[in-house]
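Predicted model, so just to flag it, every value in this text is computed and none were measured. Residue numbers start from 1 in every chain, and the chains themselves are labelled A, B, ... in the order their sequence lines are given, proteins ahead of strands.
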Amino acid sequence: MAAKYSIPRGTFDILPENSYKWEYLKTTFKKVCETFCFKEITTPIFEKAELFERSSGESSDIVQKEMYKFTDKKGRVFALRPEGTAPVVRSFVENNLDKSSPVNKLFYYGPMFRYDRPQKGRYRQFYQFGAENFGSKTPYSDAEMIAMAYSFIKKLGLKNIRLEINSLGTKSSMENYDQALKEYFTPHFDDLCPDCQKRLEKNPKRLLDCKVKSCKQIAKDAPNLLEYLSDEDAKHFEEVQKFLKLMNVPFVINPKIVRGLDYYTNTVFEFLNDNLGAQNAIIAGGRYNNLVSEVGGNNIPAIGFAGGFSRLLLSLEIENLFMGEQSKPDIYFAAIGQEVKESATKIIQELRINGFKVEFDFEKGSLKSQLKSANKLKTRFVAIYGEDEIQKKSLVIKDFFDSSQEEILVKDVINYFSKKIS
RNA sequence: GUGGGUGUAGCUCAGUUGGCAGAGUACAUGAUUGUGGUUCAUGGUGUCGUGGGUUCGAGCCCCAUCUCCCACCCCA
């Protein structure tokens with residue numbers, strides 16, 4: 001053992017025995033997105049570091065300490081993407097997608113990178129899926145986005161997941177609220193945990209979801225964000241709720257949801273699974289009406305979400321749900337003797353070209369061991385080919401379902417299996 | 001970045017007061033030479049995470065280091 005090289009900390013291999021599960025998640029997500037008429041977009045896994053510094057907020061932890069930054073040979077500073085929204089916005093702006101269509105509905109998935117301490121549901125290279133809607137500012141588009149995430153969760157069959165929504169309002173109401181929070185918490189300053197004392201200046205909304213008991217106690221009577229929304233923002237939020245109800249998407253309002261990235265405005269939402277431990281957010285997102293212009297585009301409203309595949313997988317495992325199936329051979333080709341095996345390769349290639357999944361072991365000797373392999377691979381059909389069959393230009397086909405056997409002519413083999421295997 | 005736990009066969013794990021490295025499972029082969037599943041027999045591998053130290057002797061004790069797990073933090 002004692003392998004010479006080991007995998008980098010906080011990363012993981014997806015081995016053959018699990019690959020199909022990831023594939024299942026990806027294809028299911030894709031299918032759901034397509035029912036909402038979203039189109040796939042793929043961007044590079046690295047971008048100019050500045051893109052993330054600008055979009056996520058200079059002060060966020062992601063930018064401050066979690067980015068994998070590097071400099072290329074010409075001194076350009078890049079970062080492995082820590083999240084998916086900024087690159088999609090960059091591509092949207094750079095390719096002038098808004099010019100050819102007033103609304104663009106996009107989805108993506110792929111690896112993201114953050115230098116975090118690894119933990120359950122948290123890795124340094126992790127796989128996210130996400131979707132963005134550019135160009136639509138109606139409350140309906142907020143609800144549609146949430147409904148799409150909800151549909152994905154439903155499609156997977158997950159039950160123990162709840163949706164929480166909130167509205168942060170626009171910039172002015174957010175500033176008013178921050179001010180109110182500061183006024184409320186400052187008299188209690190000495191009773192706050194050290195983290196919260198820091199947060200009070202930097203990002204007072206963070207005080208609301210502190211886990212320290214004493215802070216929680218103080219935060220209980222803090223001013224409510226929803227009361228600081230402008231009339232217009234409040235109306236928007238109410239309309240979103242109206243559409244969610246119409247679409248039968250159950251939710252609860254949690255005025256304490258705060259998103260980690262600076263760019264959110266108005267609606268924010270989280271899909272949570274409390275059985276996952278500390279990293280309980282499965283899908284999270286919100287509206288970001290100012291980000292496109294901030295990255296250099298026109299003043300285009302947008303809303304989106306992102307989710308983590310491994311947290312989703314954990315959730316599926318906990319609820320013991322279907323996670324796709326490993327691909328298995330249609331036919332195991334058992335040939336007896338070296339000369340027969342050589343002659344078999346021609347038939348096998350013919351079968352494979354016609355789309356059948358055919359397993360064949362050129363080295364295994366006895367028929368018995370080949371049948372054992374076929375059984376282990378859960379193959380239904382075994383084609384038995386030996387001296388007798390060569391003479392007769394035939395094949396014996398054994399069906400493991402009922403242990404029946406029949407002899408067919410080699411020239412009919414494609415036809416035969418076309419009927420047997422759909 | 002901080003704290004707690006952890007590491008022994010491919011996998012899941014035993015391993016006594018420090019005294020020859022173990023089980024289950026999986027894998028491979030075989031049971032009158034062309035018929036799987038069940039059964040039986042046989043077989044193999046370990047730098048005991050890594051590097052030091054204590055000791056006649058270390059899987060076990062001490063120090064360091066790394067990994068993974070859990071929590072803080074942060075977030076998907």
Gap in Å between the two P atoms, one belonging to B:U25 and one to B:U32, rounded: 24 Å
Between A:Glu23 and A:Lys26, is there a salt bridge with N-O shorter than 4.0 Å? yes
Can you see if the side chain of A:Lys120 gets near the phosphate of B:C72 - specifically, an N or O under 4.0 Å from OP1 or OP2? no
So A:Lys398, base contact, sugar-phosphate only, or nothing? Heavy-atom distance under 4.0 Å. base
Nucleotide opposite B:C48 in a Watson-Crick or G-U pair, distances under 3.5 Å: none
Checking A:Asn166 side chain against A:Ile257 main chain: does a donor-acceptor pair fall under 3.5 Å? yes
Between A:Gly304 and A:Tyr288, what is the shortest heavy-atom contact and its length? N-CE2, 3.6 Å
Which nucleotide sits closest to the side chain of A:Arg114: B:A76, B:G34, B:C73? B:A76
Pick the nucleotide of RNA chain B nearest each of A:Asp399 and A:Tyr115; which residue has the one closer to the 5' end? A:Tyr115
Without decimals, in angstroms, what is the distance between A:Asp195 CG and B:G3 C1'? 14 Å
Thinking salt bridges, do A:Glu40 and A:Lys30 make one under a 4.0 Å N-O criterion? yes
Polar pair under 3.5 Å, donor/acceptor by atom type, side chain A:Arg311, base B:C75: yes
Quick one: which of B:G36, B:G3, B:C75 gets closest to the side chain of A:Arg117? B:G3
Should B:A23 form a Watson-Crick or G-U wobble pair with both distances under 3.5 Å, which nucleotide is its partner? B:U12
Would you say A:Arg122 places a side-chain N or O within less than 4.0 Å of OP1 or OP2 belonging to B:C69? no
Indicate whether OP1 or OP2 belonging to B:A71 is found under 4.0 Å from a side-chain N or O atom of A:Gln119. yes
Restricting to non-hydrogen atoms, name the atom on A:Ala147 and the atom on A:Met247 that form the minimum distance, rounded to 0.1 Å. CB-SD, 4.1 Å
CG of A:Asp13 versus P of B:C11: gap in Å, rounded? 13 Å
What integer number of Å spans the C1' atoms of B:U2 and B:G18? 35 Å
Indicate, with a heavy-atom threshold strictly under 4.0 Å, whether A:Ile384 touches base, sugar-phosphate, or nothing. base
Does the side chain of A:Tyr115 reach to within under 4.5 Å of the side chain of A:Pro82, using non-hydrogen atoms? no
Describe the nucleic acid contact of A:Ala284 in one word from base, sugar-phosphate, nothing, applying a heavy-atom distance below 4.0 Å. sugar-phosphate
Closest of B:A76, B:C73, B:G36 to the A:Ser403 side chain is B:G36
Ranking B:U2, B:G34, B:C74 by distance to the side chain of A:Asp116, first place goes to B:C74
Would you kindly check whether a donor in the side chain of A:Asn375 faces an acceptor in the base of B:G36, or vice versa, at under 3.5 angstrom? yes
Checking all strands, does A:Tyr123 fall into the base, sugar-phosphate, or nothing category for heavy-atom contacts under 4.0 angstrom? base
Here the distance between atom P of B:C75 and atom CG of A:Asn280, to the nearest Å, is 13 Å
Roughly how far apart, to the nearest Å, are B:G37 and B:A71 at atom C1'? 47 Å
Closer to the 5' end of RNA chain B via nearest nucleotide, is it A:Gly285 or A:Lys372? A:Lys372
Considering every strand and a 4.0 Å limit on heavy-atom distances, what is the contact class for A:Arg199: base, sugar-phosphate, or nothing? sugar-phosphate
Within the 4.0 Å heavy-atom criterion, would you say A:Gly10 contacts the bases, only the backbone, or no part of the nucleic acid? sugar-phosphate
So which atom in A:Leu181 and which in A:Leu200 form the shortest heavy-atom distance, rounded to 0.1 Å? O-CD1, 4.5 Å
When the C1' atoms of B:G22 and B:C62 are compared, how many Å lie between them, rounded to an integer? 27 Å
When the C1' atoms of B:C13 and B:G52 are considered, how many whole Å apart are they? 29 Å
Measure the acute angle between the ring planes of A:Phe271 and A:Phe269, then classify it against the limits of 30° and 60° as parallel, tilted or perpendicular. perpendicular
A:Phe333 CZ to B:U35 P: how many Å, rounded? 18 Å
For B:G1, the Watson-Crick or wobble partner whose two distances fall under 3.5 Å: B:C72
To the nearest angstrom, the CD-P distance between A:Glu407 and B:G34 comes to 17 Å
Give one of base, sugar-phosphate or nothing for A:Ile283, where a contact means two heavy atoms less than 4.0 Å apart. sugar-phosphate
I'd like the C1' distance from B:G59 over to B:U47, given in whole Å. 13 Å
Round to a whole Å and report the spacing from CD of A:Glu66 to P of B:C75. 7 Å
Quickly work out the A:Asn18 CG to B:C11 C1' distance and round it to whole Å. 14 Å
Can you tell me whether the side chain of A:Lys368 and the base of B:U35 have a donor-acceptor pair closer than 3.5 Å? no
Classify the side chain of A:Gln405 and the base of B:U35 as holding, or not holding, a donor-acceptor pair under 3.5 Å. yes
Is there a donor N/O on one and an acceptor N/O on the other, under 3.5 Å, for the side chain of A:Glu389 and the base of B:G34? yes
For B:U67 and B:C56, measure between their C1' atoms and round to the nearest Å. 34 Å
Would you kindly give the CD1-to-C1' distance between A:Ile62 and B:A76, to the nearest whole Å? 9 Å
Tell me whether the OP1 or OP2 atom of B:C73 has a side-chain N or O from A:Lys198 closer than 4.0 Å. no
Compare the minimum distances between each of B:C73, B:G34, B:G36 and the side chain of A:Phe400, then state the nucleotide with the smallest one. B:G36
Nearest-angstrom distance, C1' atom, B:U8 to B:U42: 25 Å
Establish, with yes or no, whether the OP1 or OP2 oxygen of B:C66 is under 4.0 angstrom from a side-chain nitrogen or oxygen of A:Arg9. no
More than 12 heavy atoms of other groups within 6.0 Å of A:Lys357 NZ: yes
